Amino acid sequence: MKHSGYHSRFGGAFIPEILQTTFDELEIAYLTAKDDPTFWAEYMHLMGTYSCRPTPITFAENLTNHFGGAQIYIKREDLNHTGAHKANNVMGQGLLTKRMGKTRVIAETGAGQHGVATATMAAKFGFDCTIYMGAVDVERQRPNVFWMEQLGATVVPVTDGSGTLKDAINEAFRDWVTNMDNTHYALGTACGPYPFPDMVTWFQSVIGTEAREQIQTYAGRLPSRAYACVGGGSNAMGLFSGFMDDKEVELVGVEAGGRGPGMGEHAARLAYDDASVGVAQGYKTYFLQDKDGQMQETHSISAGLDYVGVSPILAHLHETKRVRFEAAEDKDVVAAMSLTIKKEGLIPALETSHAFAQAFKEAPEMDKDEVILINQSGRADKDIFTVADALKDPKWEEFIIAKAKEYSNA
Amino acid sequence: MLEQYIRDKRKEKDLLLMTHIVLGYPSYDHSMRMVESMVEAGVDLMELQIPFSEPMADGSVILRANAEALKSGATVEKSLEMAEKITAAFDIPFLFMTYYNILYRNGVTHFVDNMKRIGIQGSIIPDLPPEEAEEYLAAMAKNELCPIHIYTPNTSEERLKFLGEKSEGFVYVTARKGVTGKDTAFDQDIADYLGKCRKATDLPLALGFGVKSREDMEFIKGKADIAVVGSESIRVMEEQGVKAVGGFIKSLIL
C-alpha cells in the first residue's frame, strides 16, 4: 500500500474506513500541489497580498541589552492577518480545498485563533464554515467566538469529554465522516493522520525559509539557537524546517510547563516524563495518557498549548535529539510577556511567550556575538480578556464590572 | 469457527441479531444484566465495547456511555474480567469493539492473547485500518481469532475485496456515512450497496448504523446475514431501565 506517513515510529494514519477515500484524495491533492510550482506561486501571492508576507524579523535591542548576552532577534508571525502564524496553514488549505472542488470547511479550535483564521479564509473563498470549539473554551474566549460568527461561521460548542481542544478535534472528525463529499477539514496544526503533519509543516515552512535568509542579511550569521513554542507544533515545525540542515543551529521547542511536572499540571509531552507513546486522534505520538491509554486532563495558562498530543514529526526530532525540548511554567511565561511588552513594545501571545521565557533563561549565559532567534507566533492584543486575567489587572476588572452593569441596566 | 456458527444459525433464521454494550456503563453490574436480558431475548452475538476516552467513530449515545463508564471507574483490567465472566456464563459468541490505543498500550500481542484466554472470538477496531495492523493481524491469526473490518458506502470495489480478504468471521457493513446512533433511511441505495458488498466477499455480512425497529429488520432480511443494533438498545436502557431491554430485543427478532 501507499502511504509513507511515518517519521521513524511516529505518525501514520489511524483513520476510520469511511475516511479512507477522502484521505486518498487529500494526499493526492497535497502531493500534486507540492509538485506544482504554480501552486506555491499562487500561495505566495495570496500571502503577500492578503497576509503581510514576508513578515520581518526584528532586532530586540532593548531585551538584548537588558540580558547582556546573545543578540535577540524575533520573527514576526504576529503580523500575519488574524494575528498569528495560523494564517499560513489555513490559506494554504483554502487553496487546496478550492482545487479539490469542495465548498465547505470545518475546523477545531482551542483558544479560537485557528477558528478565526479558518472563518476568515472561508469568508474570502466563499466557503460554508463550521467551527468546533470546546464548550469550556467558548466560555473563556467569547471575543474570538464573536469574530467567527461575524465572519459567517457557525460555532458549535462541544460539551463531550473535557470540553477542550481534543474534544473539538473528535467532533470535527464526526462531522467529516458524514460530510466528506463537500467538506474539507482544515486541521489547525502539524498533528493528526498523515498527510496533515507533513502538509501543515509544508505551509508553515514559509516561516523558516524567510527567517533563514533574513537573519543572515540582518545579523550576518545563522542563529546559535532558534526558539518556538510547541502546542501541536505547527509554528515550531515552520521555523525549524528552515534550519533543519544547519547542524550549528540548535532548535529549541518550548512546551507548556503549567504549574510544573506531574500529570494534570501541564501540557508538556516531550520536556517532562509524564507522556507516553500512544495512538489517538488518528496518529501515533507522545500523549498525556494513563496506563490504559485514556487521555488525561492538561493544564496551561495558554489555551493554544493545552493539548494532549504533539506533532509526530517533533516526537521524531525529539528522539533523534535534533530538537531540544524545554517547558516554561505559567508564572515565567507571564513575566516574559510583560517584559517584552515593556522593553520592546511587542505583545507576544501567551502561547508565544513560552518561547520568550525559555530564550530569556538562556540568553544571559550566551556570548554577546551569538545570535538567537525567537518565533513570535502570535500577538496577544486581541486576547485582551485572557491577558488581563493573566496579568491580574485590577483596572480591567473594574472596567468589566462597570460594562456588565451597563448591559444589565439597558 | 465464528463464520461456521453464523452459517449454522442462518439455517434456522433468516436474519441474525448482534447487539452492542459499553462495558462498565453505567456500571459493570448493569453490563452483566444487559447481556443476560439480551441473550435471554434471543440475541445471536454481541459486541462488548471497552471504553476509550476518544471514541472518534461513535455518535453521542455511545460516546457519552464511554465517558460515563470511565468516570465511574471503568478500566481495561476490569473490562477484561467482566468479559471473562460474560463468556463463561453465556453460550453465544462475544466480540470486543474498542479503539486501537487500548490494544497498543496493553501490548497488542499480549492483549490479543488475553482475548483468546477469556473466550472472546473476534474484534472490531474502527480506527485500525489493515495498513496499520500488521502486529494485530498476526496475533489474531496466531490465536485463530476473527479480525472484523468495516465496509462503508464510499469504499471502492477494490478495497471491499481487500478488506474482505483481511477479515474473518464476517464483515461489518455501515449502512451510511457518519457515526453510530443516528437515523438511517433504509432504501434502494442501501440494497444496491449491500449487493456490491455481497459480491466482494464470501463472508457473512452484518449491517449496522441506525438499525432500531422491526421494520428495519424486515428490510435487511435477505440482504445481509446479521443486523446490528447498537445505540438504540443503550437508549432503551437509559430511558426505561435494563428490564425493558429484553422486550425491545424481542420486538426486533423476526
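What you see is a predicted model, and the numbers here were worked out from it, not measured in a lab. Labels below follow one simple rule: chain letters A, B, ... track the order of the sequence lines, proteins then strands, and each chain is numbered from 1. Side chains are part of it too, since the values below use all heavy atoms of this structure and drop only hydrogens, waters and symmetry mates.
Contact of the N101(B) side chain with the M295(A) side chain is registered, since non-hydrogen atoms from C-beta on lie closer than 4.5 Å. Considering only heavy atoms from C-beta on, V279(A) stays 4.5 Å or farther from R105(B) through its side chain. When side chains are defined from C-beta on, T155(B) does not count as touching Q20(A), because their heavy atoms never get closer than 4.5 Å. Within the 4.5 Å cutoff, side-chain heavy atoms of Q281(A) are placed close to those of E54(B).
For N66(B), no part lies near chain A; criterion is any non-hydrogen pair under 4.5 Å. Interface remark: L70(B) contributes side-chain atoms only to the contact with chain A (heavy atom separation under 4.5 Å). Residue contact with chain B, scored on non-hydrogen atoms closer than 4.5 Å, involves the side chain of D160(A) exclusively. When heavy atoms are compared at a cutoff of 4.5 Å, L163(B) approaches chain A solely by way of its side chain, counted from C-beta outward. Heavy atoms closer than 4.5 Å to chain A are found in both the backbone and the side chain of F52(B). P55(B) touches chain A through backbone and side chain together, each having a heavy atom under 4.5 Å away. Interface remark: I102(B) contributes backbone and side-chain atoms alike to the contact with chain A (heavy atom separation under 4.5 Å).
The backbone N or O of A13(A) sits less than 3.5 Å from a side-chain atom of E132(B), completing a donor-acceptor pair. With N154(B) contributing its side chain and I18(A) its backbone, the two residues share a donor-acceptor pair below 3.5 Å.
By a heavy-atom distance cut of under 4.5 Å, not one residue of residues 303-312 of chain A is near chain B.
Of the listed residues N170(A), T21(A), D167(A), D292(A), the one with more heavy-atom pairs under 4.5 angstrom with chain B than any other is D292(A).
Between the side chains of R174(A) and S60(B), no donor-acceptor pair of N or O atoms lies under 3.5 Å.
For the side-chain hydrogen bond (donor to acceptor under 3.5 Å, both in side chains) test, no residue two or more places apart in sequence or in another chain qualifies with E168(B).
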